[in-house]
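Working notes, beginning with the structure itself.
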Amino acid sequence: MELRQGIDFATRKIAKLLKPQKVIEQNGNSFTIHTYSSLRNYLVTFTVGEEFEEENKGLDNRKCKSLVTWDSDKLTCVQKGEKKNRGWTHWIEGDKLHLEMFCEGQVCKQTFQRA
């Protein structure tokens, strides 16, 4: 049995059932990303190319230093903290927003449909 630390079993099971909504606001190189769900809401604000302190309160409650950059037409975030090889990538294809989150060799993919 694989033991995953940081997010308890019940939270992982509930999270699989959620249908989160995402609102992304852009002003030049500054972004605000709101993620809403019936379990938790999350807000992150950043400027592309500027490292910032991020507290993932409501997610896994870890603090990290994050840096978001453009990788071609994808926004990619690298997070440095207690977990290795952690971050995410957002990109748009047609009317779908894709999110790929990665941490210590694990990958989670989500697709959002434009409302």
Side-chain angles (χ1 to χ4, degrees):
M1 181 172 123
E2 180 182 345
L3 176 64
R4 294 184 186 178
Q5 295 180 0
I7 301 176
D8 63 80
F9 177 79
T11 301
R12 286 196 313 271
K13 288 294 183 186
I14 292 169
K16 289 171 76 173
L17 301 173
L18 297 176
K19 302 286 186 215
Q21 294 182 334
K22 208 167 264 285
V23 177
I24 300 176
E25 301 170 10
Q26 180 182 6
N27 183 6
N29 276 333
S30 296
F31 286 81
T32 300
I33 301 176
H34 301 264
T35 305
Y36 302 100
S37 76
S38 55
L39 178 64
R40 295 188 176 129
N41 296 326
Y42 185 66
L43 168 73
V44 63
T45 302
F46 59 88
T47 300
V48 174
E50 294 181 12
E51 188 173 67
F52 63 99
E53 294 278 338
E54 184 175 7
E55 184 174 346
N56 295 312
K57 190 165 180 72
L59 299 176
D60 61 6
N61 297 316
R62 289 188 170 88
K63 293 181 182 180
C64 60
K65 287 191 179 272
S66 298
L67 176 64
V68 181
T69 57
W70 284 108
D71 180 11
S72 186
D73 61 347
K74 298 179 180 183
L75 273 179
T76 299
C77 178
V78 174
Q79 299 171 325
K80 296 177 186 172
E82 63 184 80
K83 295 286 184 176
K84 293 178 173 54
N85 302 317
R86 176 181 168 148
W88 51 260
T89 301
H90 270 109
W91 71 96
I92 296 174
E93 288 179 2
D95 61 350
K96 293 185 179 170
L97 171 69
H98 296 270
L99 170 61
E100 187 173 280
M101 297 171 282
F102 51 91
C103 182
E104 296 186 335
Q106 301 294 313
V107 178
C108 174
K109 297 178 182 182
Q110 292 180 324
T111 303
F112 299 85
Q113 182 71 40
R114 183 175 289 224

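Numbers for residues simply follow the sequence, beginning at 1. Note that the coordinates shown come from a computational prediction; the quantities given were computed from them, not determined experimentally.
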Salt bridge (charged side-chain N to carboxylate O under 4.0 Å, His left out) involving Glu53 - partner list, sequence neighbours excluded
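Salt bridge (charged side-chain N to carboxylate O under 4.0 Å, His left out) check on Glu53 returns Lys65.
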Taking only residues two or more places apart in sequence or in another chain, which ones pass salt bridge (charged side-chain N to carboxylate O under 4.0 Å, His left out) with Glu93?
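For Glu93 there are no salt bridge (charged side-chain N to carboxylate O under 4.0 Å, His left out) partners, ignoring immediate neighbours.
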Spell out, yes or no, whether Val23 and Leu99 are grouped together once hydrophobic residues are joined by side-chain heavy atoms under 4.5 Å, including indirect joins.
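Hydrophobic grouping puts Val23 apart from Leu99.
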Common cluster, Val48/Ile24, ILVMFWY with side-chain heavy-atom separation under 4.5 Å:
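Yes, it is one cluster - the side chains of Val48 and Ile24 are joined through contacts under 4.5 Å.
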Mind checking whether [X] and [Y] have side chains closer than 4.5 Å, heavy atoms only?
| X | Y | answer |
| --- | --- | --- |
| Ile33 | Phe46 | yes |
| His90 | Leu97 | yes |
| Thr32 | Val44 | no |
| Lys96 | Gln113 | yes |
| Thr45 | Phe31 | no |

Taking atom [atom1] of [X] and atom [atom2] of [Y], what is their separation to the nearest 0.5 Å?
| X | Y | atom1 | atom2 | answer |
| --- | --- | --- | --- | --- |
| Thr76 | Asp71 | OG1 | CG | 4.5 Å |
| Cys77 | Met101 | SG | CE | 12.0 Å |
| Thr89 | Lys109 | OG1 | NZ | 10.5 Å |

Restricting to side chain to side chain donor-acceptor pair (under 3.5 Å), what partner residues turn up for [X], sequence neighbours left out?
| X | answer |
| --- | --- |
| Thr69 | none |
| Trp70 | none |
| Lys22 | Thr35 |

side-chain hydrogen bond (donor to acceptor under 3.5 Å, both in side chains), that's the test. Do Ser66 and Glu54 meet it? Break it down for me.
CA-CA 6 Å; Ser66 298; Glu54 184 175 7; 2.5 Å; yes
In terms of ring plane angle, is the pair His34 and Tyr36 parallel, tilted or perpendicular, where the classes change at 30° and 60°?
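Parallel.
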Given Cys64, which partner from the list Glu82, Gln79, Lys83, Lys80 fulfils the side-chain contact (heavy atoms from CB on, under 4.5 Å) test?
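Going through the options one by one, the only one that passes is Gln79.
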Could you pull out the closest heavy-atom pair between Leu67 and Gly49, with the gap in Å?
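Smallest heavy-atom distance, with atoms named: CD1-C, 3.6 Å.
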Shortest non-hydrogen contact from Glu100 toward Trp91:
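The answer is CB-CZ3, 4.0 Å.
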Share the residues that join Val107 in a hydrophobic cluster, the rule being Ile, Leu, Val, Met, Phe, Trp or Tyr side chains under 4.5 Å apart at the heavy-atom level.
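The other cluster members (ILVMFWY side chains, heavy atoms under 4.5 Å, direct or chained) are Phe102.
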CD/Gln21: more than 12 non-hydrogen atoms of other groups inside 6.0 Å:
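Not more than 12 within 6.0 Å, no.
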Is Asn27 atom CG crowded by more than 12 heavy atoms from other residues, nucleotides or ligands, each under 6.0 Å away?
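Count not over threshold, so no.
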Given 3.5 Å as the limit, does a donor-acceptor pair link the side chain of Gln26 with the main chain of Gly28, or not?
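Side chain of Gln26 to backbone of Gly28, a donor-acceptor pair under 3.5 Å: yes, one is there.
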Spell out, as yes or no, whether a donor-acceptor pair under 3.5 Å connects the side chain of Ser37 to the backbone of Arg40.
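It does hold such a pair.
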